[in-house]
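Below: one structure, written as structure tokens.
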Protein chains: 2
Amino acid sequence: MQMTSDLMTIRQMCDAFDVTPRTLRFYEAKELLFPQRDGTRRMFTRRDRARLTLILRGKRFGFSLEDIRQILDLYDRDGSNHAQTIRTYELAQARLAQMEAQRAELDVAIAELKAELDAGGAMIAGLRRAAE
Amino acid sequence: MQMTSDLMTIRQMCDAFDVTPRTLRFYEAKELLFPQRDGTRRMFTRRDRARLTLILRGKRFGFSLEDIRQILDLYDRDGSNHAQTIRTYELAQARLAQMEAQRAELDVAIAELKAELDAGGAMIAGLRRAAE
DNA sequence: AGATTGCTTGACGTTAACGTAAATGTAACG
DNA sequence: CGTTACATTTACGTTAACGTCAAGCAATCT
């Protein structure tokens with residue numbers, strides 16, 4: 001019950017987030033996480049956990065790790081570097097446009113596939129009737 | 001104006017479907033297409049074009065080429081194999097459910113990112129005012 | 001004939017996101 | 001102190017869907 005352990009080992013992280021050690025090391029190599037070290041061992045901070053949550057969410061959304069890294073950087077900017085902040089902001093806007101385009105395409109694909117399935121459904125109903 | 005040309009060269013195919021020669025050769029290697037040969041050259045038939053249309057549609061739906069190959073093979077089985085047809089149908093339905101879930105998550109992601117950007121926008125407006 | 005196109009078949013290169021194995025380190029248990 | 005249990009780094013392997021040469025044949029233009 002010490003307040004020291006705001007820190008988690010790699011295994012605790014793996015259990016908590018259902019990822020492999022390799023994944024966490026990989027994310028560190030890609031500069032998505034920045035665990036401290038206890039000697040040679042990684043100790044993940046609260047901040048790492050917050051970032052990992054966002055990373056996994058981003059992945060569910062279909063973002064690449066590189067996309068995610070850039071977006072996380074956006075969250076990080078303590079507002080000191082104005083020019084960079086603005087550039088990042090514009091980048092995020094571009095990304096948003098991409099996402100909306102992607103959603104539009106997805107909508108079309110879903111509509112088409114639904115139409116396919118409706119046709120197929122009728123065919124299969126026919127097969128079922130014929131089979132009786 | 002000869003009726004001979006139900007056949008198309010690789011370049012005609014590329015222009016018609018907006019794909020590269022490499023792609024068509026790749027699809028042939030993967031047994032998704034079966035062009036005839038005029039000597040050494042590929043000649044794509046009406047059937048190849050029909051298949052390619054389905055392949056590209058499948059890709060828009062997010063199916064892998066391997067998935068697509070299996071589905072095309074099922075269409076080929078002249079409809080004699082009802083069980084397989086039904087399995088394919090179910091597979092497509094599952095895929096549709098995936099896509100709709102993905103869209104739902106994407107909607108959330110877009111909303112979140114928009115909120116982030118609104119906050120960032122206000123911040124940047126503030127910065128601009130401070131800079132004057 | 002020579003040169004230009006366009007097609008062919010290899011066959012290695014690329015990207016993303018890790019998996020997997022090897023060699024080594026170290027901390028705690030008994 | 002020896003073994004077990006995890007940890008670390010290094011580095012090669014994997015999958016999908018082509019891209020990108022390289023080298024050579026074949027028909028066509030000049």
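Numbers restart at 1 for each chain; the letters A, B, ... are given by sequence-line order, proteins then strands.
Checked by atom type and distance alone, the side chain of A:Thr53 pairs as donor or acceptor with a backbone atom of A:Arg49 at under 3.5 Å.
In this entry the distance linking NZ of A:Lys59 with C1' of C:dC18 reads 8 Å, nearest Å. Rounded to an integer number of Å, the gap from CG of B:Asp15 to C1' of C:dC7 is 14 Å.
Judged by atom type and distance alone, B:Arg22 reaches the base of D:dT20 through a side-chain donor-acceptor pair under 3.5 Å.
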Dump the intermediate steps for side-chain contact (heavy atoms from CB on, under 4.5 Å) on A:Thr9 and A:Arg42, then the final yes or no. CA-CA 6 Å; A:Thr9 72; A:Arg42 272 166 261 260; over 6 Å; no
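Here B:Arg11 lies in heavy-atom contact (under 4.0 Å) with sugar-phosphate atoms only.
Across B:Val19, B:Asp48, B:Leu32, a single residue satisfies side chain to side chain contact (heavy atoms under 4.5 Å, CB included) together with B:Tyr27, and that is B:Leu32.
Residues B:Phe44 and A:Glu66 each lie close to DNA chain C; by heavy-atom proximity, the contact nearer the 5' end of the strand is made by B:Phe44.
Between A:Arg41 and D:dC6 there is no side-chain N or O to OP1 or OP2 distance below 4.0 Å. The side chain of A:Tyr27 places no N or O atom within less than 4.0 Å of a non-bridging phosphate oxygen (OP1 or OP2) of C:dA17. Checking the phosphate oxygens (OP1, OP2) of D:dT9, a side-chain nitrogen or oxygen of A:Arg37 falls inside 4.0 Å. Contact check, A:Thr9 against D:dC6: no side-chain N or O comes under 4.0 Å of OP1 or OP2.
Here the side chain of A:Thr23 is nearest to one of C:dC18, C:dC7, D:dT8, namely C:dC18.
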